[in-house]
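Quick notes on the structure that follows.
Both backbone and side-chain heavy atoms feed into the values below; hydrogens, waters and symmetry mates do not. When a ligand or atom number is given, it counts from 1 through the structure's own listing order. We number each residue from 1, following the sequence as shown. Quick caveat, the model's predicted, so the values are computed rather than measured.
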Amino acid sequence: MIDYHIHTARCGHASGKMFDYVARACELSLREIGFADHLPLLFKQDPTLTMRIDQLGEYIQAVEDLKKEFPEIAIKAGIEADYLPGYEEETARLLKSYDFDFVIGSVHFIDGWGFDDSRYIDGYKDWDIYKLYTRYFGLVADAAKTGLFDVIGHLDLIKKYNFRPEADITPLVRDTVGAVKDAGACVEINTAGLRKPAGEMYPSADILRLCFESDVPITLGSDAHKPEEVGKDFDLAISAAKDAGYDRVAVFNKRVPQYISLDIF
Ligand SMILES: [Zn+2]
Ligand SMILES: [Zn+2]
């Protein structure tokens, strides 16, 4: 299988050597992995969230070195970029300056509030939860519309701390999935949600079915921030993909997708 969402210690909140992440992937006989560490934020510098801009070249080089060290597995150089309204051009410029295999676009901030960061969890008190979901899914749709991203990261991350609206969010999600489809991007099945208060993958089974019905392709990612998280709960991810109707996943080479069977290991 493949794992297309792996971090490195450069982001300041992941641990272990890149070597150990790859070694774990080999232990699991994964055929392909993609590092996707956090791209530096353009609105602030926070060494606990992302690498510095001057570390980008060295990050790509480290992936290149690992390719030589581990010929038995395909290793791709990806990046997880934040969607930050108002910073689209700067983001585009930064993404163009390196030869990435794929770019995951993620929303981790709402008007500067890091809603998926436990240090700022108090912020949920200021919101009506349905309005918060509306705002979040609107931002994810805007992220897709920029066309900057190959994959939309953890599509329903807003559920991370299990604040759930009472009303049905399907209409919000439908618009967002439509925007992802129009942009020609994929979504990822991200197993990290299973390790968080939400207790389920991103996206939920219902949203994944909506993605399948809208003909949006998928990739798979663990969002590993430790070597032992590589490929974590992928048996569940694969069953979720199949239950939603999928039989293939996307892999990327220099930002061009290719599709492989979910049954190929
Ligand atoms: Zn992270
Ligand atoms: Zn993320």
Exercise for review: Would you check if the Zn ion (ligand 2) lies under 2.8 Å from any N, O or S atom of His154?
Suggested key: yes

Point to revise | Atom name, His38 (N, O or S, nearest to the Zn ion (ligand 1)) | key: NE2

Exercise for review: Tell me which N, O or S atom of Glu80 sits nearest to the Zn ion (ligand 2).
Suggested key: OE2

**Study point:** Identity of the N, O or S atom of His108 lying closest to the Zn ion (ligand 2)
**Key:** NE2

Check your understanding: Mind checking whether the Zn ion (ligand 1) has an N, O or S of His7 under 2.8 Å?
Key -> no

Exercise for review: To the nearest 10 degrees, calculate the angle at the Zn ion (ligand 1) involving NE2 of His13 and NE2 of His225.
Suggested key: 100°

**Study point:** Parallel, tilted or perpendicular, as decided by the 30° and 60° cut-offs, for the rings of Phe43 and Tyr87
**Key:** tilted

Point to revise | Flag for Asp206-Ser204: side-chain donor and acceptor within less than 3.5 Å | key: no

Practice item. Compute the ring centroids of His5 and His225, then answer whether they are less than 6.0 Å apart. Key: no

Review point. In terms of the angle between their ring planes, are Phe70 and Phe19 parallel, tilted or perpendicular, with boundaries placed at 30° and 60°?
Key: tilted

Check your understanding: Can you tell me if Cys11 has an N, O or S atom under 2.8 Å away from the Zn ion (ligand 1)?
Key -> no

Check your understanding: Can Glu229 and Lys232 be counted as an ion pair, charged N to O under 4.0 angstrom?
Key -> no

Revision key, fill the gap. Test ring pair (Phe, Tyr, Trp, His ring centres under 6.0 Å), reference Phe115, set Phe109, Tyr120, Tyr136, output is Tyr136

